[in-house]
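Before any comments, here is the structure.
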Amino acid sequence: MQSHVSARRSVSADKGIDWGDLIREDRVHGALYTDPAIFEIELERIWRRTWVYVGHESEVPKPFDYVMKSIGPEPVIMSRGRDGEIILLHNRCPHRGNHVCVSQKGTARSFTCPYHGWTFNADGGMRGMPFPAGYDKVDRSTLGLGRVARVASYKGFVFASLAAAGPSLDEHLGAAKDALDAVCANSPSGEVELTCGFLKHKVKANWKFVVENETDGYHPGFVHSSIFQVSGSRITELYGDASQSLARYLGNGHTEIDLRPEFRKRGEPLSWFGTTAARLPQYVSQMNEAYGEEKAREIMIDGVPHIMIYPNLFIAEIQVFSIQPLAVDETVQHVTALQFKGAPEINRRLRQQTMGSVGPAGFLLADDAVMYEGTQIGVGLSNPEWLFIGRGRHRERLDEQGFLVGNATDETTTRGIWRHYRSLVEAA
Amino acid sequence: MMATAATDVALLQDVTQFIYREARLQDEHRYEDWEALWADDGVYWVPANGEGTDPDLEMSILYDNRSRIGLRVRQLMTGRRYSQMPKSELRRLVSNIEILETGSDSVTVGCNALIYESNYKGETLWASRNQYVLRRVAGDFRMALKKVVFVNNATPLYNMAFLV
């Protein structure tokens with residue numbers, strides 16, 4: 001394949017790509033992580049087409065609040081309109097293309113392009129252009145900021161699709177909705193918030209390595225052994241050869257490591273969070289009050305899921321990641337602590353543990369980062385050309401709901417991700 | 001007047017020597033020696049997204065109390081802290097050292113730092129404004145606070161698993 005400088009909206013470079021030759025059931029070709037032309041196709045057929053997680057409604061609590069987000073490499077402004085609706089705008093003046101917003105967040109009733117002073121309402125509509133006599137007979141309704149074609153929320157999580165048509169968010173999320181329900185159920189108010197800012201952690205690796213790693217249950221005991229050893233963590237048990245945890249493919253690219261079998265075996269509320277009910281008495285009593293003791297106990301034993309919602313929302317028990325591809329070999333993880341609305345006692349601990357774990361200096365994520373970067377270098381080497389993703393194929397099975405599951409350390413999740421990937425990139 | 005000026009010069013010199021020593025221990029990955037520079041209630045803070053507001057409410061790149069500083073050092077010493085295997089090759093320059101405030105048992109110091117890092121990714125430069133609260137202990141100092149504000153801390157950053 002030749003190197004490729006594409007016009008953004010016309011990908012023709014895949015003529016001749018036989019995806020079935022690059023993606024096989026038990027192996028994938030290294031070029032999928034290194035070829036800039038394939039990255040361009042992914043932007044077109046995945047990032048600019050499917051539902052992508054953008055942000056959380058709690059990040060723009062009041063009318064006219066805004067925060068800078070992204071859909072793939074492209075920045076978008078997520079704002080709340082006059083009537084409380086969530087609006088996603090492209091940060092690009094329709095006149096000459098300059099940005100209209102340079103702040104990461106704030107409150108604004110309008111956005112002004114610094115180049116020639118064109119001004120736009122919070123919903124993107126044209127508000128005014130200086131020296132208007134020069135635009136006599138021009139239809140202003142066509143000169144607003146671009147609005148993202150489709151925006152929809154589920155439980156406060158805002159998703160967007162740059163394609164005007166396609167499956168609904170409901171269809172896209174599918175079984176992942178149950179996981180988002182379970183996330184929110186851990187909050188005594190039934191609501192979660194993302195209110196403490198983001199760490200932005202950059203890695204020199206393809207975004208798919210990051211996605212696959214999130215539900216790779218094989219690596220934690222090795223990559224994270226240093227921190228587990230010195231902190232006396234019990235996490236290794238969850239990802240050992242004898243663990244009853246499950247690697248599950250939920251369809252539509254969504255995957256999870258279901259740790260509940262291990263937590264239920266322990267039968268200790270808040271063991272999922274590495275703590276005990278005695279240490280969070282206020283939270284426990286809020287949960288009992290909200291759900292009744294029996295149900296609260298079940299929720300607090302099961303904990304928050306460990307789920308990767310394709311292609312970019314990863315919820316890992318105590319934290320929320322948004323994965324952003326910048327280039328074929330450059331990816332950013334935006335990460336923050338999950339916060340339960342109205343539960344300050346546990347929120348403090350969620351923030352502290354998240355800060356310790358993630359980001360460029362995190363006890364966990366810094367070590368994941370060098371694995372992504374090492375694999376990125378490796379797939380550029382020539383022999384062998386393939387990655388082997390066949391772990392646990394012989395013991396894969398359907399669970400009672402009909403989802404494909406493997407043992408905790410099996411690559412059932414990775415294989416599911418690749419099957420979905422193939423269906424997306426093969427769609428013309 | 002003269003006595004005060006002489007005292008100021010001596011204090012600045014002591015502070016400067018302490019900060020140079022800390023820089024060298026960090027560059028050379030002498031983790032335990034570096035940990036010994038901390039006061040028992042020391043706080044090690046690297047904010048994200050600007051100067052830092054309230055680290056108890058906002059995410060920071062690093063916000064360690066004394067026990068977490070110890071955990072960080074012990075993790076580095078396991079030999080399996082993979083983000084430092086191999087270790088980053090480091091040299092840093094610390095400059096513009098100013099004494100900002102002198103208290104009865106502590107001194108607040110500001111300075112600039114520039115860290116050169118070389119590893120498998122290539123070369124990275126890290127520029128920061130640092131602030132210390134140094135407590136006088138038995139003729140030496142101990143760090144009660146070290147705050148490191150990277151100038152680009154609002155942008156996506158690569159790993160910084162070495163000591164900053």
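Naming: A, B, ... by sequence-line order, numbering from 1 per chain. These numbers come from the heavy atoms of this one structure, side chains and all, not from hydrogens, waters or symmetry mates.
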>> As an exercise: rank B:Met160, B:Gln75, B:Arg80, B:Met77 by heavy-atom pairs under 4.5 Å with chain A and give me the winner.
In response: B:Gln75
>> For the interface with chain B, which of A:Asn347, A:Val223, A:Ile227, A:Val332 has the highest count of heavy-atom pairs at distances below 4.5 Å?
In response: A:Ile227
> Using non-hydrogen atoms only, which part of A:Ile377 is less than 4.5 Å away from chain B: side chain, backbone, both, or neither?
Replying inline: side chain
>> Could you check whether A:Lys62 pairs with A:Asp65 (Lys NZ or Arg NE/NH1/NH2 to Asp/Glu carboxylate O, under 4.0 Å)?
In response: yes
> Looking at B:Asp64, B:Leu62, B:Val164, B:Ile61, which makes the most heavy-atom pairs under 4.5 Å with chain A?
Replying inline: B:Ile61
> Counting only heavy atoms not in B:Asp54, do more than 12 sit closer than 6.0 Å to its CG atom?
Replying inline: yes
> For chain A, which of B:Met85, B:Arg74, B:Met59, B:Glu58 has the most heavy-atom pairs under 4.5 Å?
Replying inline: B:Met59
> Think A:Lys69 forms a cation-pi with A:Phe198, using NZ or CZ under 6.0 Å from the six-ring centre and within 45 degrees of its axis?
Replying inline: yes
>> Is B:Thr78 in contact with chain A via its backbone, its side chain, both, or neither, using a 4.5 Å heavy-atom distance?
In response: side chain
> chain A heavy atoms under 4.5 Å from B:Thr155: which part of the residue, side chain, backbone, both or neither?
Replying inline: backbone
> Hey, which of A:Gly356, A:Gly197, A:Gly359, A:Ala361 has the most heavy atom pairs under 4.5 Å with chain B?
Replying inline: A:Ala361
> Salt bridge between B:Lys146 and B:Glu22, side-chain N to carboxylate O under 4.0 Å?
Replying inline: yes
> Cation over ring, A:Lys204 on A:Tyr372, under 6.0 Å and within 45°?
Replying inline: no
>> Show the nearest heavy-atom pair for residues A:Phe321 and A:Gln319, with the distance to one decimal.
In response: CE1-CG, 3.3 Å
>> Ring of B:Tyr158, cation from B:Lys121 - is the NZ or CZ under 6.0 Å from the centre and inside 45° of the axis?
In response: yes
> Is chain A contacted by the side chain of B:Leu57, its backbone, both, or neither, given a heavy-atom distance below 4.5 Å?
Replying inline: both
>> If I measure from the heavy atoms of chain B, does A:Glu330 come under 4.5 Å with its side chain, its backbone, both, or neither?
In response: side chain
> Does any heavy atom of chain B fall under 4.5 Å from the side chain of A:Val203, the backbone, both, or neither of them?
Replying inline: backbone
> What class does the angle between the rings of B:Tyr44 and B:Trp38 fall in, given that below 30° is parallel, 30 to 60° is tilted and above 60° is perpendicular?
Replying inline: tilted
> Tell me, side chain or backbone of B:Asn159 under 4.5 Å from chain A's heavy atoms, or both, or neither?
Replying inline: both
>> Heavy-atom pairs under 4.5 Å with chain B - which of A:Gln104, A:Met355, A:Met371 has more of them than the others?
In response: A:Met355
>> So, applying side-chain hydrogen bond (donor to acceptor under 3.5 Å, both in side chains) with A:His224, which one of A:Asp368, A:Asp367, A:Thr236 is it?
In response: A:Asp368
